[in-house]
Amino acid sequence: MNVAADIEARELSYAEAIREAMDVALASDERVILMGEDIGVYGGAFQVTGDLIDTYGPDRVIDTPISELGGAGVAVGAALTGLRPIFEFQFSDFATLAMEQIVNQAAKVRYMLGGAVSVPVVMRFPAGSGTGAAAQHSQSLEAWFAHVPGLKVVQPSTPHDAKGLLLAALEDPDPVMIFEHKLLYKMRGAVPEGHYTVPIGKAEIRREGVDVSIVATSIMVHKVLEAAEMLAGEGIEAEVIDLRTVRPLDRETVLASVRKTSRLVCVYEAVKTLGIGAEISAMVAESDAFDYLDAPIVRLGGAECPIPYNPELEKAAVPQVEDIIEAVRAQVKGRL
Amino acid sequence: MNVAADIEARELSYAEAIREAMDVALASDERVILMGEDIGVYGGAFQVTGDLIDTYGPDRVIDTPISELGGAGVAVGAALTGLRPIFEFQFSDFATLAMEQIVNQAAKVRYMLGGAVSVPVVMRFPAGSGTGAAAQHSQSLEAWFAHVPGLKVVQPSTPHDAKGLLLAALEDPDPVMIFEHKLLYKMRGAVPEGHYTVPIGKAEIRREGVDVSIVATSIMVHKVLEAAEMLAGEGIEAEVIDLRTVRPLDRETVLASVRKTSRLVCVYEAVKTLGIGAEISAMVAESDAFDYLDAPIVRLGGAECPIPYNPELEKAAVPQVEDIIEAVRAQVKGRL
Amino acid sequence: MADTSPDNIPFAISAYTPERLRGALRQMYLIRKFEEGAEDSYTRGLIHGTMHLSIGQEASAVGACIGLSETDKITSTHRGHGHSIAKGADVGRMFAEFFGKETGYCKGRGGSMHIADVGKGNLGANGIVGGGLPIAVGAALSAKRLETGAVTVCFFGDGANNEGAFHEALNMAAIWKLPVIFLCENNKYGMSMSTDRSTAVASIADRAVAYAMAGASVDGNDFSAVSEASEAAIARARAGEGPSLIEAVTYRWRGHSKSDRNRYRSKEEIAEWMACDPIPRMVQMLSDHGIIGAGDAARIEAEAEAEIVQGIAFAKESPAPALSDVTRDVYTKPAA
Amino acid sequence: MADTSPDNIPFAISAYTPERLRGALRQMYLIRKFEEGAEDSYTRGLIHGTMHLSIGQEASAVGACIGLSETDKITSTHRGHGHSIAKGADVGRMFAEFFGKETGYCKGRGGSMHIADVGKGNLGANGIVGGGLPIAVGAALSAKRLETGAVTVCFFGDGANNEGAFHEALNMAAIWKLPVIFLCENNKYGMSMSTDRSTAVASIADRAVAYAMAGASVDGNDFSAVSEASEAAIARARAGEGPSLIEAVTYRWRGHSKSDRNRYRSKEEIAEWMACDPIPRMVQMLSDHGIIGAGDAARIEAEAEAEIVQGIAFAKESPAPALSDVTRDVYTKPAA
Ligand SMILES: Cc1ncc(C[n+]2csc(CCOP(=O)(O)OP(=O)(O)O)c2C)c(N)n1
Ligand SMILES: Cc1ncc(C[n+]2csc(CCOP(=O)(O)OP(=O)(O)O)c2C)c(N)n1
Ligand SMILES: [Mg+2]
Ligand SMILES: [Mg+2]
């Protein structure tokens, strides 16, 4: 279902794919600038910007001081006045310092001004756990942003989508928040060369199935696909939907799948309570697909605790392949 | 069901009830201090602190500079070291400046330190629309906080509960976030004198009924009760649950009601997507109460836009009594 | 009798043509009359919500903007009517916004706290204290990168100078040598908190040292003094010499907003400052130097008054927004 | 040969007993050895996640803490091992935390970035740059209100000085005259960004002016100089004269963290600073003044080394947390 599957594609890592998207954008549009902490000679905390500074120089690949609120606000102001900034938060957790500019300014200024302006800013948020960096460097906060009208929020799960969604975000006149999972940065996959976009607002069916629909985001897509293969061995055919965009939701893709399978499991890394799975579940439960449901809607989300440091605890705090298998098994058990 | 209904109670406004709670606390516990912008001689933007500074002086009723991040952080640091601060955000919208201290520090420090500390801080957030203050002064952001383990989050809907929950929050060793609806400040109701608490984590059934369960928060409780009276005239008996605490949820009260009525409507002012109704709906849809459901779960939440200025638009952006009546009618229509 | 020897000619008299000076006086009257009209309209129930009047502060708004062209930008504050008018806004559309009408600057969505006039370079008032500071730096970054030659004047209050955004914005503007002027209208109070109590330094301009930035403190009720400091800062900005901080010491005659009971300042203090009204001082200067003759001031005032009357009439007659449009203009490009 | 005439006796020699001075040297060795042990453990795969070593910065940690008692507090940073040891932490429990063990200071939940030792007055390291600044002010507010006499030393880096939290915290500490010392370890870089590029002023201490605060810049590799400035600040704090800002100019020998490729500074620069190692300078001063004799330094170093070896052994043997405890200690009082 890969929109560019027919184009000759090389394998790139997720981080390289993002870098390539930025490279394409910087090369083709003078208005594009990158901003963030240590994105210059350091290459970014996760080496996503890499050596772009060598090509585009410090005026377009701008190291910001450690000033998240101000930095994000500068990006918003620049976007309002003709530039196309891509602002990198070094860790998504530091967005807690910049919610004012993101939520009160970027998300609302167009509406508050009756449509007189647009804010074409892109913000990138390295998110998620698994790196042993503990509670202040491992959060998955995308649900906060998905609660805010005026923002668009995406969570690419593959190198292909990471590049395509970033290029789509850059073409989008509205603020787009991109949540990238840190553990995906090294993941490799086919990525077309040059310019292409992946539409914001469209989910992707990664695996077709008839017994249960599993809606997953970001890194969980891969865990779910792994679980789905194991489940297939037991005769359970799961349909796996990669949500890709968490605001706005692709209702139709999810609902059509649920109408087909009559069972829904949502899998996401963020804290379970009020994570994106809450919205998916509620959206389905209030739709006409409700009548097709043969079982309660199950959510697998992060544990109700901060992310712990100890590596085993850290794993225990977010859904793992075995948890998914177990949950799906329980879900389809009563299906006869 | 009022825990103190048998005690002689005067009528106070919601704002007066909160002030009385603070007064009781300041009088009985030297460790209690108030912090916030213009809470001193000005009496608070909504006159909630009123004249407390006259009794307790500027060392305990502390005007802070316009420094929300720093102010909240000072409260967190003070709570860690022996004081019991009550920090007032002038408008809940300004919490966007302080999410770092609330979410990365207050909510997580106990866990990150393996239980070595507690953070007995109380934060008050005047929230909601209806005052003509537009998009940056009218938000309902409680769902963000309810997504964060480590925080407790309450939304009192009556003067009685406003006082009792604040006193409970002060006795609680963990950070408690209190969302107060600005339009409720002038609402009057019976309030017992002296010290009493309303338990954090317990919902309250405000009206019993058999046809549909309506879970509402804050000001919506009153709109729902009004709607319920009208619906009763049509023969629809709604059970109205005032959630009161949004983290942690009182699952049992909600589930028991749904098992009884087989129908659920959630009503809240925050933006519908990922507002608290999403969690209520998802919680029910994954519980055994799912099997009792005779209809899709309906959510009535705020429109997917910032709060507009024009008063008619402003009303159109949040659920009104007529919207509730209509939604409930549609919900129970097919009940025969 | 003013000293009119060449040495003592005020800056403004030597710098501007008589026509521009009369235009400046006209703007000062227009601001005063606008605020009075707004107050009156509020009393008549035409205005929803709150408002922040700038009566007494006319010289700083007009003095800071006289050196700007339409390609130059400003960012404004909650107390922004004066800034809008000084940057050339139409008072009819301003009143229309105030009255929540579709013909208002924000189509009735923003109200007083969000009036903007992007075509004239006014990027908008802001409901968040300090919210405009990083945005102004972003506008200056755009100007520098896109080589537009534009200068940005960032208005903010003494209260805002204690926000973290102030620090981050000034630091970034300084390290990047951006063409931005931070114009602090120090009216001695942030709501009820006097600068003595809120701010560790006696003069906001003293803080320029922390950014190795040019800093100046001027009599904010003296049009000539404000314009002199502003022109010097504009020249520095245009020459690529970076940002400046100007403190214009002034006073607001009215309460902070409509709900202010004025308990934090004395009648005497207010009276003293009213005696120092910037408008008669401007009239005096212009007549001392022969820029206006007998009767000119009264005529200009009457014209301003007429413009206000007309503006209010336009606003009253204007249509209200359609309720069905409540979610219009949240996005420039609603998603797929 | 050092000048030992009475006039030139270093502050530390005259201020402290030989025993305390030898204790300080011991702590400096312990910090150095701890960091080396951590590095070695990392290489052996015993440590998950990242770490920030303070090799080269031992004098500032120990010099700032020597004047504190256990009732005095510190707040620390991501680069906090030295601060912990200087405040009296046990290296065994520190290593245990590093290794994610239940015997660690945070029971394995926090890791290197969250080590705290509340009993000894160390309120904890912080993963958020600048996160500790307002918290330290809060601790000082508690000390003042509760009249404990305690002083709080707030460690932070040059990078943190551009956070809004710095500005807000210093302003509040100044206006309220709180007993807090802001100790900036200026190691010339915030990750890859040199202070030349990130900070508008040449010396962080210059920013004290913006808060009318005592400010001093000292050689941070000179134990005596750091302790002298710290003692003066502690005395001011205890006398009720308010806060101080001290800049200790120093250098980190290692990369920012384990993923640093060191592309932003030269080998020569590093070598120059290594030649200025604070430990031999301390040894020299102590032997010049007869505080230690031949062989003493080597013996103290060997003892420190042995303590580290023992600490690592303790940590290795310690039990890991139970996975079932993943949500323990989120709340002090789990809700009703
Ligand atoms: C972040 C934030 N905090 C608080 C407020 C509430 N508030 C609005 S105006 C104001 C006072 C601002 O003082 P100053 O900057 O001096 O401007 P002035 O009102 O004197 O023009 C306050 C506290 C706000 N709007 N935004
Ligand atoms: C709010 C925040 N922004 C960014 C980071 C990532 N980060 C961690 S340490 C660091 C550099 C801090 O520099 P400095 O304050 O000088 O301390 P140093 O590392 O030099 O000791 C950065 C950018 C963070 N942890 N928190
Ligand atoms: Mg002011
Ligand atoms: Mg540093």
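Owing to the predicted nature of the structure, the values given are computational and were not obtained by experimental measurement. Values below: every heavy atom of this structure, side chains too, minus hydrogens, waters and symmetry copies. Throughout, a chain's letter reflects where its sequence line sits, starting with A, and its residues are numbered from 1.
Residues C:D329 and A:G114 approach most closely at OD2-O, 3.2 Å, considering heavy atoms. The two residues A:D174 and C:Y331 come nearest to each other via the heavy atoms OD2-CB, 3.4 Å. Across every non-hydrogen atom of C:P134 and A:G70, the tightest pair is CB-O, 3.6 Å.
When each of C:S142, C:A143, C:G110 is checked for heavy-atom pairs under 4.5 Å with chain A, C:S142 comes out on top. Between chain C and the residues A:P65, A:P120, A:A116, the largest count of heavy-atom pairs under 4.5 Å involves A:P65. The candidate with the highest count of non-hydrogen atom pairs below 4.5 Å against chain C, out of A:S118, A:A72, A:G150, A:G82, is A:G150. Interface remark: of the candidates A:R247, A:R31, A:M35, A:R247 forms the most heavy-atom pairs closer than 4.5 Å to chain C. Comparing C:L141, C:I128, C:I115 by heavy-atom pairs within less than 4.5 Å of chain A, the highest count is held by C:I128.
Only the side chain of C:V118 comes within less than 4.5 Å of a heavy atom in chain A; its backbone stays farther off. Residue contact with chain A, scored on non-hydrogen atoms closer than 4.5 Å, is absent for C:D117. Of the two parts of A:I33, only the side chain, counted from C-beta on, holds a non-hydrogen atom closer than 4.5 Å to a non-hydrogen atom of chain C. Residue C:V326 touches chain A through both its backbone and its side chain, counting heavy-atom pairs closer than 4.5 Å. Neither the backbone nor the side chain of C:A169 comes within contact range of chain A; no heavy atoms are under 4.5 Å apart. Heavy atoms of A:E30 lying under 4.5 Å from chain C belong to its backbone as well as its side chain. Residue C:L133: no heavy atom, backbone or side chain, is found under 4.5 Å from chain A. Heavy atoms closer than 4.5 Å to chain A are found in the side chain of C:L146, but not in its backbone.
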**Request:** Begin from the C-alpha positions of C:K333 and A:K152 and carry the test side-chain contact (heavy atoms from CB on, under 4.5 Å) through to its verdict.
**Result:** CA-CA 10 Å; C:K333 181 185 161 196; A:K152 294 170 183 169; 4.0 Å; yes

**Request:** Before giving the answer on side-chain contact (heavy atoms from CB on, under 4.5 Å), spell out for C:T327 and A:Y111 the whole-Å C-alpha distance, their side-chain angles and the decisive distance to 0.1 Å.
**Result:** CA-CA 9 Å; C:T327 58; A:Y111 187 83; 5.8 Å; no

**Request:** Tell me, with the steps shown, if A:R110 and C:T332 meet side-chain contact (heavy atoms from CB on, under 4.5 Å).
**Result:** CA-CA 8 Å; A:R110 175 176 177 77; C:T332 314; 3.3 Å; yes

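Put simply, the side chain of A:T81 reaches to within 4.5 Å of the side chain of C:L123, judged on heavy atoms. Looking at A:T64 and C:W176, their side chains come closer than 4.5 Å, going by heavy atoms from C-beta outward. A:Q105 is listed as a side-chain neighbour of C:I135, based on a closest heavy-atom distance under 4.5 Å. Put simply, the side chain of A:D59 does not reach to within 4.5 Å of the side chain of C:K144, judged on heavy atoms. When side chains are defined from C-beta on, C:M113 does not count as touching A:M112, because their heavy atoms never get closer than 4.5 Å. Side chains of C:R109 and A:K108 form no contact here, defined as non-hydrogen atoms less than 4.5 Å apart.
Formation of a donor-acceptor pair under 3.5 Å by the C:E168 side chain with backbone atoms of A:G71 is not found in this model.
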